[in-house]
Amino acid sequence: MEASPPGKVNWYNNMLNNDRIIESHKQCVKQGLSPDYLPVYTECCSGAELEAKRSQNREAIEVIGFFVDKFLSSVAGDPFFIAISDHEGYILEFKGDSSIIATVRQLGIVEGLRFSEEIGTNAVDLCIRSNGPIQLIGEDHFHKALHQLACYTTPIYNKDNGQLLATLSLMTGIQFNHPHLLALLCTIVDSIERELLLRRNNTQLQILNQVLLKTNYYGVVITDALGTIIDTNDIGAAILGKDKDWKDSCLGTSVFERSRIAPYFEQVISSREPCVGIEVALQVGNLQRYYMLDVVPIYDNEHQLTRVVGSLRDITEMKTTEELLRNTEKLVFAGQIAVSIAHEIRNPMTTVKGMLQLSSKTTNPHYYNLMMSELERMNAIVGEFLILGRPQAIQYKDEQCSILLQEVLSVFEMQLEMNGIQIHCDTQERKTIRCDRDQVKQVILNILKNAMEALPFGGEIRIQLDEVEGFQRMRFADNGVGMTDEVLQRIGQPFHTTRRDGNGLGMMIVDKIVSSHNGRLVISSELEVGTTVEVWFPCV
């Protein structure tokens with residue numbers, strides 16, 4: 001379709017403008033308004049209401065004021081008056097030549113007044129109702145008192161949603177009327193609308209920047225459509241880099257070089273679909289940490305891929321908590337079956353043991369001793385289950401750790417000597433702890449049993465008592481076979497054991513007792529070097 005020539009467009013716009021003015025004059029006559037009297041302004045908001053409207057439109061007033069001031073400075077000395085109104089026609093602010101402002105006030109026009117259809121033909125009302133620029137020159141005004149004025153008004157829109165924000169009006173004497181003034185006003189408004197849009201976009205970018213790059217909760221990596229890293233925050237650099245200077249050196253490199261997250265960025269770039277909720281394990285320094293990875297595509301207005309944003313949220317503590325919950329579930333399960341095991345095994349075992357004792361005179365002594373030994377071992381296993389599953393009558397008293405240790409060692413003394421194991425004790429720093437003596441002795445007993453089993457061909461067990469940070473620390477170190485990292489990580493889990501005849505409950509019972517005393521259990525081990533177990537109990 002061929003475009004209309006500019007002259008024809010201007011003629012058409014002038015025709016519309018004239019039609020609106022004629023229709024407005026007819027409406028004034030219907031309302032009974034007299035052109036010989038000044039307009040009667042019936043709507044005007046209070047000072048508080050005006051301040052609220054100004055506050056609501058503060059950003060628009062600031063931007064409009066900037067461009068209006070630039071215009072007025074270029075026409076200094078000319079009698080131009082400019083009014084800023086909101087989307088309902090309430091005047092928010094005046095600007096311009098002081099003499100014409102004084103004249104306007106004499107006409108009854110003040111801040112807070114509303115220009116509506118009821119007051120007669122006016123540019124602000126016609127502009128709002130027609131959604132377009134309006135000019136009233138001389139006799140275009142209905143009231144004769146305004147025939148010496150030229151008024152121009154144009155709307156200001158929100159470019160995001162097309163809603164009317166405000167209107168900008170220019171008033172001058174009819175002798176200063178010029179056909180280009182309305183076009184000039186429209187140009188100023190166009191600059192105002194673009195500045196308002198730019199400010200909103202900048203505000204959104206600042207919010208996104210604070211949410212994404214300045215957060216202390218997760219790492220962010222941003223790439224372009226080809227996978228080149230263009231930005232990251234400090235946490236993202238720490239996760240993916242090796243030192244504090246890595247952030248600058250990584251910019252401009254490809255995300256595909258980061259093997260753990262590269263497949264997900266590649267998937268998003270190729271499929272244009274987000275990839276969220278991916279659990280990844282990354283080595284950060286000397287520690288392995290777990291992260292939840294989300295990778296999402298960012299598009300421009302043309303729906304072209306411009307950015308890919310990856311966020312890494314640390315879930316290491318959550319993973320640790322999940323592991324603790326799993327172990328707790330196992331512990332609860334073990335406790336639940338403990339009572340049934342005691343009833344189901346101990347009763348028939350007692351019967352078997354009694355019958356065996358009655359037939360001891362007719363049974364081969366070797367077989368008799370072997371069977372009695374196995375029955376005693378079964379009884380010990382059932383006893384461990386009962387400790388785990390049955391609530392114990394705990395009696396807390398002030399006890400000396402060194403005394404409890406010596407009582408346990410006196411029981412083990414003969415067995416240690418028979419196995420060629422030497423005990424070295426250092427109990428210089430003896431402290432008093434609040435504890436159940438039987439449970440603490442059970443802890444020492446289980447640790448020593450494990451240490452003995454780690455020394456099948458003899459060796460040394462060094463025991464040291466000292467005070468650290470308000471705790472009585474009991475340290476048991478052997479030079480036995482030691483454990484691998486995998487075994488060490490699972491130690492204390494129910495039914496996990498490296499012994500053929502073990503049940504995996506010994507260290508779990510130790511951990512349970514130490515925790516109930518508000519203590520700490522620390523285990524370290526190295527294969528073919530030995531194992532060290534530290535038990536920390538709060539001092540009185």
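Computation of the quantities below employed the complete heavy-atom set of this structure, encompassing side-chain atoms and omitting hydrogens, waters and symmetry-equivalent molecules.
No donor-acceptor contact under 3.5 angstrom links the side chains of N479 and R462, judged on distance only. A donor and an acceptor atom, one from each side chain of Q442 and D438, are nowhere located under 3.5 Å apart.
Shortest non-hydrogen contact noted between L226 and I269 is C-CD1, 4.2 Å. A pairwise comparison of heavy atoms in E273 and V268 identifies O-CG2, 3.4 Å as the closest pair. Between I421 and G458, the shortest heavy-atom contact is CG1-CA, 4.2 Å. When every heavy atom of T316 is checked against every heavy atom of Y290, the shortest pair comes out as OG1-N, 3.0 Å. Looking at every heavy atom in both residues, H517 comes nearest to R434 through CD2-O, 3.8 Å. Heavy-atom minimum distance, G277 versus D294: N-OD1, 2.7 Å.
Distance check: I298 CD1 to L305 CG gives 8.5 Å after rounding to the nearest 0.5 Å. Remark: N518 CG to F471 CZ distance equals 8.0 Å, nearest 0.5 Å. To the nearest 0.5 angstrom, K70 atom NZ is 8.5 Å from S191 atom OG. Annotation: the span from I523 atom CD1 to I447 atom CD1 amounts to 7.5 Å, rounded to 0.5 Å. Taking CD1 of I188 as the start and CZ of F67 as the end, the distance is 9.5 Å to the nearest 0.5 Å. Here I423 contributes atom CD1 and E460 contributes atom CD; the two are 9.5 Å apart, rounded to the nearest 0.5 Å.
The backbone N or O of I513 lies less than 3.5 Å from a partner atom in the side chain of S516, making a donor-acceptor pair. Within the 3.5 Å criterion, the main-chain N or O of Y396 finds no donor-acceptor partner in the side chain of D436. Judged by distance alone, with hydrogens and angles left aside, the side-chain atoms of S55 form no donor-acceptor pair with the main-chain N or O of E51 at under 3.5 Å. Between the side chain of N57 and the backbone N or O of K53 there is at least one donor-acceptor pair closer than 3.5 Å. Using a distance-only test at 3.5 Å, with no hydrogens or angles considered, no donor-acceptor pair links the side chain of D231 to the main chain of I222. When atom types are taken as modelled, the side chain of Y299 and the backbone of R272 share a donor-acceptor pair closer than 3.5 angstrom. Between the side chain of N233 and the main chain of G236, a donor-acceptor pair closer than 3.5 Å is present. Without hydrogens or angle criteria, Q472 side chain to D466 main chain gives a donor-acceptor distance under 3.5 Å. Judged purely by atom type and a 3.5 angstrom limit, T228 has no side-chain atom pairing as donor or acceptor with the backbone of D224. The backbone N or O of Y90 lies less than 3.5 Å from a partner atom in the side chain of D86, making a donor-acceptor pair.
For R437, the salt bridge (charged side-chain N to carboxylate O under 4.0 Å, His left out) test picks out E399, E407, with sequence neighbours left out. The side-chain contact (heavy atoms from CB on, under 4.5 Å) test applied to Q400 returns S402, I403, R430, T432, not counting sequence neighbours.
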Q: Before giving the answer on side chain to side chain contact (heavy atoms under 4.5 Å, CB included), spell out for I261 and F256 the whole-Å C-alpha distance, their side-chain angles and the decisive distance to 0.1 Å.
A: CA-CA 8 Å; I261 64 173; F256 303 134; over 6 Å; no
Q: Determine, stepwise, if the pair V308 / V296 fulfils side chain to side chain contact (heavy atoms under 4.5 Å, CB included).
A: CA-CA 6 Å; V308 178; V296 295; over 6 Å; no
Q: Kindly determine whether R520 and S515 satisfy side-chain hydrogen bond (donor to acceptor under 3.5 Å, both in side chains), including the steps that lead there.
A: CA-CA 7 Å; R520 299 204 302 263; S515 297; over 6 Å; no
Q) Would L196 and N158 satisfy side chain to side chain contact (heavy atoms under 4.5 Å, CB included), going step by step from the backbone distance to the final call? A) CA-CA 8 Å; L196 287 171; N158 184 334; over 6 Å; no
Q: Go through the steps for I156 and L164 under the test side chain to side chain contact (heavy atoms under 4.5 Å, CB included), then give the verdict.
A: CA-CA 6 Å; I156 301 173; L164 180 66; 5.7 Å; no
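Evaluated for a side-chain contact (heavy atoms from CB on, under 4.5 Å) with L455, the options N419, V481, I461 yield exactly one hit, I461.
Side-chain contact between V68 and L168 is present, with at least one heavy-atom pair separated by less than 4.5 Å. Contact check for K159 versus D190: side-chain heavy atoms found under the 4.5 Å cut-off. At least one side-chain heavy atom of I463 sits under 4.5 Å from a side-chain heavy atom of L409. The shortest side-chain heavy-atom distance between Y157 and E193 falls under the 4.5 Å cut-off. Looking only at side-chain heavy atoms (C-beta outward), T427 and L405 come within less than 4.5 Å of each other. K441 is not listed as a side-chain neighbour of L445, based on a closest heavy-atom distance of 4.5 Å or more. Contact annotation: the side chain of L448 approaches that of F476 to within less than 4.5 Å [non-hydrogen atoms, C-beta and beyond]. Side-chain atoms of L198 and E195, non-hydrogen and from C-beta on, do get closer than 4.5 Å to each other.
Around atom NE2 of H424, more than 12 heavy atoms belonging to other residues, nucleotides or ligands sit under 6.0 Å away.
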Donor-acceptor pairs under 3.5 angstrom involving side-chain atoms of residues 527-540: please list them, not counting sequence neighbours.
unit_1 : atom_1 : unit_2 : atom_2 : d
T531   : OG1    : S525   : OG     : 2.8
E534   : OE1    : W536   : NE1    : 3.2
E534   : OE2    : R475   : NE     : 3.4

